[in-house]
Protein chains: 2
Amino acid sequence: MPRAKEFDEAEVLDQALELFRARGFKHTSFSDLVDELGVSRQSLYDTYGDKQTLYQTALRRYLDRAIDGIRRKLDDPAPVRQVFTEFFDRMIDGNCAHGSPGCLMVNSMVELSPHDADTRALAATHAREIEGLFASRLSAAQRKGEIAKSKDPIALARFLYHTILGLSVASRALGERDSLKLSAHLALQVLD
Amino acid sequence: MPRAKEFDEAEVLDQALELFRARGFKHTSFSDLVDELGVSRQSLYDTYGDKQTLYQTALRRYLDRAIDGIRRKLDDPAPVRQVFTEFFDRMIDGNCAHGSPGCLMVNSMVELSPHDADTRALAATHAREIEGLFASRLSAAQRKGEIAKSKDPIALARFLYHTILGLSVASRALGERDSLKLSAHLALQVLD
DNA sequence: GCCATAATAGAATAAACGTTCTGGAACGCG
DNA sequence: CGCGTTCCAGAACGTTTATTCTATTATGGC
């Protein structure tokens, strides 16, 4: 067995993720990563591959965590309206916490989707996954009589997803937490 | 009087705008502009200044047109709900028309706002301007009794603006026109 | 027709970029 | 202790970037 790594692979990946999230792909140079992560150039290449691969790895990690979080938050016997309200509020708190870097997926959708097929596919898959989670939770609520059966769960789910996209952009560029929460609450009136 | 320009200044600016809109600032190199606009490098510098200035000029032009369009569309005696529905539908049609380049302001908010103070200020101003237009139209509707007076026009306006942001991102990365319109219609239920 | 002026085309420049190469240092195992 | 392997620091490479320089061409008023 040879020399051991002097850094924590997952931890550094998270740091890279936050850098990409705050600055975007193109605006984050490899030298920025080397400087701010405190890991040598060659070690980064050895560990994560090139810049694009590193970005995608970080993005996938981010999405996995996001999906996990959503699944956990939706798995709550409380009334849907309350569940979604808490979910949106927490998302806004998280996005506005450290200087409003927004959502890495949204940032990727805007910066990379048009000219990167992988990102485009990932965005589409992720969107469908979230919509699916939302829709099934909404269907369950319908079965419990919490919301009207006349509403289309998929349309509602998609609308809520689109709302998240909007709030992420606003949080990144405008970043007024209170008005974001107000908007989220208005959006959730669609459930009544 | 010396030699005359061989290109139309406004027309080329619009072409540059569309390039920036489709690819973003960083992903559009100056050589791309030279190649695709059919105007020489030096002429571009002479006419519009450097790349950043050109971008901002294009963005301002885009915003002026957008505000004009909004003002014109809202200046309609029809019921608010109908007016906003038509406005959203037209916006979606426009954004999804030529390969879903999304909205230049939204793209700028995501790509540039975090590290460019000018863009950040422009985004904030523009957001307030649109919110103001929406809010005053909603207030007028309240006076005419079209929507309940209990609702806060500014909160509603802000929510509608956030909805536009979300639809722009979705149109750019996902680009399914029909579900976007469905979402817009759901969002407008907030007026009832 | 000439001259000042300004537009154009393309070479040139300097910096930044992503990536790879080189040399040496650190570690586990025999 | 060395031997092989892996890690690391920094130099080096070739490309791309934004911007400027140079030279040429075209134009309108005298």
Side-chain angles (χ1 to χ4, degrees), chain A residues 1-59 104 107-108 111-112 114-119, chain B residues 1-59 104 107-108 111-112 114-119:
Chain A
M1 272 286 185
R3 184 174 172 183
K5 269 194 171 67
E6 293 180 3
F7 62 94
D8 184 81
E9 196 166 326
E11 189 181 318
V12 166
L13 181 58
D14 280 338
Q15 287 180 264
L17 192 161
E18 286 307 322
L19 233 61
F20 279 133
R21 178 145 94 121
R23 305 188 192 167
F25 178 76
K26 268 261 173 183
H27 281 87
T28 308
S29 76
F30 210 93
S31 295
D32 288 343
L33 293 167
V34 171
D35 293 344
E36 310 218 21
L37 268 46
V39 175
S40 83
R41 199 173 298 267
Q42 193 60 40
S43 298
L44 288 178
Y45 273 96
D46 287 347
T47 309
Y48 307 102
D50 64 9
K51 189 185 166 190
Q52 189 159 279
T53 308
L54 170 56
Y55 186 89
Q56 279 196 342
T57 306
L59 177 55
L104 183 62
N107 299 351
S108 303
E111 188 190 358
L112 303 175
H115 36 78
D116 181 53
D118 291 341
T119 305
Chain B
M1 273 286 185
R3 185 174 172 184
K5 269 194 171 68
E6 291 181 3
F7 62 94
D8 183 81
E9 197 167 322
E11 188 181 317
V12 165
L13 181 58
D14 280 339
Q15 287 179 262
L17 192 161
E18 287 307 321
L19 234 60
F20 280 133
R21 178 145 93 121
R23 305 188 193 167
F25 178 76
K26 269 262 174 182
H27 281 86
T28 308
S29 76
F30 211 92
S31 294
D32 287 343
L33 293 166
V34 171
D35 293 346
E36 310 216 25
L37 267 48
V39 175
S40 81
R41 197 173 298 267
Q42 192 61 40
S43 298
L44 288 179
Y45 273 97
D46 288 346
T47 310
Y48 307 102
D50 64 10
K51 190 187 168 190
Q52 188 158 280
T53 308
L54 169 56
Y55 185 89
Q56 279 196 343
T57 307
L59 177 54
L104 183 61
N107 299 351
S108 303
E111 187 191 356
L112 303 175
H115 36 76
D116 182 53
D118 290 341
T119 306

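Numbered from 1 within each chain, the chains take letters A, B, ... in sequence-line order.
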N-O pairing of B/Arg23 and B/Glu18 below 4.0 Å: no

Taking atom [atom2] of [N] as reference, at what distance in whole Å does atom [atom1] of [X] sit?
X	N	atom1	atom2	value
B/Phe25	D/dT17	CZ	P	13 Å
A/Leu54	C/dT19	CG	C1'	14 Å
B/Leu44	C/dA9	CG	P	10 Å
B/Gln42	D/dT25	CD	C1'	15 Å
A/Leu33	C/dA16	CG	P	17 Å
A/His27	D/dT17	NE2	P	14 Å
A/Gln52	C/dC17	CD	C1'	15 Å
B/Tyr45	D/dA18	OH	P	7 Å

Checking contacts here: which listed nucleotide ([options]) is nearest the side-chain heavy atoms of [X]?
X	options	value
B/Phe30	C/dC17, D/dC8, D/dA18	D/dA18
B/Ser29	D/dT19, C/dA9, D/dT17	D/dT17
B/Asp50	D/dT19, C/dT8, C/dT19	D/dT19

Sugar-phosphate, base or nothing in reach of A/Thr28, heavy atoms under 4.0 Å: sugar-phosphate

Result of checking A/Leu44, A/Asp46, A/Val39 against A/Gln42 for side-chain contact (heavy atoms from CB on, under 4.5 Å): A/Asp46

Between A/Ser108 and A/Tyr55, a side-chain donor and acceptor under 3.5 Å: yes

Polar side chain donor-acceptor pair, A/Thr53 to A/Asp50, under 3.5 angstrom: yes

Short side-chain N/O contact to D/dC8 OP1/OP2 from A/Ser43, under 4.0 Å: yes

base_contact_polar (C/dT19 base, A/Arg41 side chain, donor-acceptor, <3.5 Å): yes

Heavy-atom closest pair, residues B/His27 and B/Asp32: O-OD2, 3.8 Å

